[in-house]
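We name chains A, B, ... by the order of the sequence lines, and we start the count at 1 in each one. Only this structure's heavy atoms are used, side chains among them; waters, hydrogens and symmetry mates stay out.
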Protein chains: 2
Amino acid sequence: MQRNTVQRQIIIDTLKNSNYHPNIEEIYTEIHKMHPSISKATIYRNLRQLTGSGAIRRVSLPDGLERYDGIATPHHHFRCKSCGSVLDVDLEYSEAINDIVRQKHGFQVDEHDIVFMGLCNKCIKQQHSRS
Amino acid sequence: MQRNTVQRQIIIDTLKNSNYHPNIEEIYTEIHKMHPSISKATIYRNLRQLTGSGAIRRVSLPDGLERYDGIATPHHHFRCKSCGSVLDVDLEYSEAINDIVRQKHGFQVDEHDIVFMGLCNKCIKQQHSRS
DNA sequence: ATTTATGCAAATCATTTGCACATAG
DNA sequence: CTATGTGCAAATGATTTGCATAAAT
């Protein structure tokens with residue numbers, strides 16, 4: 001049975017309080033400030049475990065480390081090609097699209113993730129001011 | 001200027017002839033059968049280069065190695081949670097959804113990837129026969 | 001009391017890189 | 001000829017694991 005350790009709770013809290021989808025390195029750095037005794041191995045083990053149990057979500061994107069998301073409900077992401085930041089997208093999660101794929105291919109479709117790519121607002125502004 | 005080497009062509013051909021999105025290990029193994037002198041470093045370098053130039057695509061999925069796709073035009077994927085295979089999804093690529101996100105957030109949205117997850121036909125059958 | 005989790009360090013696995021040589025243009 | 005690419009082996013970086021100890025139930 002899974003236990004409720006101090007370390008695990010700190011990891012969960014850190015993730016819930018972060019809204020920019022940190023990778024393991026960033027999570028470790030953040031936690032290390034207040035709790036320098038928590039090891040990276042523990043963070044790795046817990047992130048894997050929590051992802052498996054559905055308590056948190058992993059966000060896989062081209063390039064870069066895996067990122068983690070404290071929001072467990074499905075939602076979509078935007079990744080800025082310039083600064084690399086990953087933002088939540090306010091777009092209704094469509095069950096209907098799962099059905100379309102199921103009907104076309106016969107697969108059992110449980111979920112889907114969408115990753116949008118382009119330039120974020122900050123980088124658009126910077127590009128304009130540079131010209 | 002980029003050159004046209006024998007090795008690069010073999011890597012491209014191998015990818016075009018594969019329709020199941022191999023990872024680097026699988027690409028290497030396949031190439032190694034016929035061309036044992038081609039090194040893994042060369043495959044790494046070329047996959048990176050070809051992805052950068054848009055000649056091939058990288059498919060990033062949770063868990064597992066990066067996969068590569070010889071089809072350069074955007075399309076979506078399905079990943080079987082049971083056997084791990086990655087299949088192309090026959091679903092029209094929608095530019096409209098990019099616009100929706102652009103209008104809502106202000107981002108410049110160039111493209112998006114959708115990954116569906118569930119059980120593939122083979123694994124659905126196996127599940128039934130096991131019961 | 002027993003099982004699960006932690007911290008550390010070492011091991012493993014994937015990927016990149018330095019370098020001497022080869023080859024495409 | 002010269003710039004780019006290759007193969008090899010070594011280096012790097014991320015992640016996992018073995019083990020003794022600690023903590024949760």
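Between B:L65 and B:N4, the residue anchored nearer the 5' end of DNA chain C, judged by the nucleotide with its closest heavy atom, is B:L65. Sequence order on DNA chain D of the closest nucleotides to B:M1 and B:K40 puts B:M1 first from the 5' end.
Distance B:Q9 CD to D:dT6 P: 12 Å, rounded to the nearest Å. Atom CD1 of A:I43 is separated from atom P of D:dT17 by 18 Å (rounded to the nearest Å). To the nearest angstrom, C1' of D:dT4 lies 10 Å from CD of B:Q2. Between the OH atom of B:Y28 and the C1' atom of C:dA14 there is a distance of 14 Å, given to the nearest Å. Rounding to whole angstrom units, OH of residue B:Y44 and P of D:dT12 are separated by 18 Å. Note: CG (B:N23) to P (C:dA14) measures 9 Å, nearest angstrom. Here the C1' atom of nucleotide D:dG5 and the NE2 atom of B:H35 are 17 Å apart, to the nearest Å. Rounded to an integer number of Å, the gap from B:Q7 CD to D:dT4 C1' is 12 Å.
The listed nucleotides are C:dT6, D:dT17, C:dA24; the one nearest the side chain of B:V6 is C:dA24. Distance from the side chain of B:N46 is smallest to D:dT6 among D:dG5, D:dT6, C:dA5. With C:dT15, C:dC8, D:dT16 as the candidates, the nucleotide lying closest to the side chain of A:R48 is D:dT16. You'll find that the side chain of B:T42 is closest to D:dG7, out of C:dT6, D:dT25, D:dG7. Closest to the side chain of B:R3, out of C:dT15, D:dT2, C:dT6, is D:dT2.
Contact annotation: A:T5 side-chain N/O to C:dT6 OP1/OP2 distance is under 4.0 Å.
Heavy atoms of A:E66 sit nowhere under 4.0 angstrom from any nucleic acid atom. Within the 4.0 angstrom heavy-atom criterion, base atoms lie near A:R45.
Between B:Y93 and B:H112, the angle of the ring planes stays under 30°, which puts this pair in the parallel group of the 30/60° scheme. Classification of the B:H105-B:F107 ring pair by plane angle, with boundaries at 30° and 60°, yields parallel.
A:K16 and A:D13 are not joined by a salt bridge, as no carboxylate oxygen comes within less than 4.0 angstrom of a charged side-chain nitrogen. Taking the charged nitrogens against the carboxylate oxygens, B:K81 and A:E111 do have a contact shorter than 4.0 Å, which makes a salt bridge.
No side-chain donor-acceptor contact under 3.5 Å links A:D113 and A:H77.
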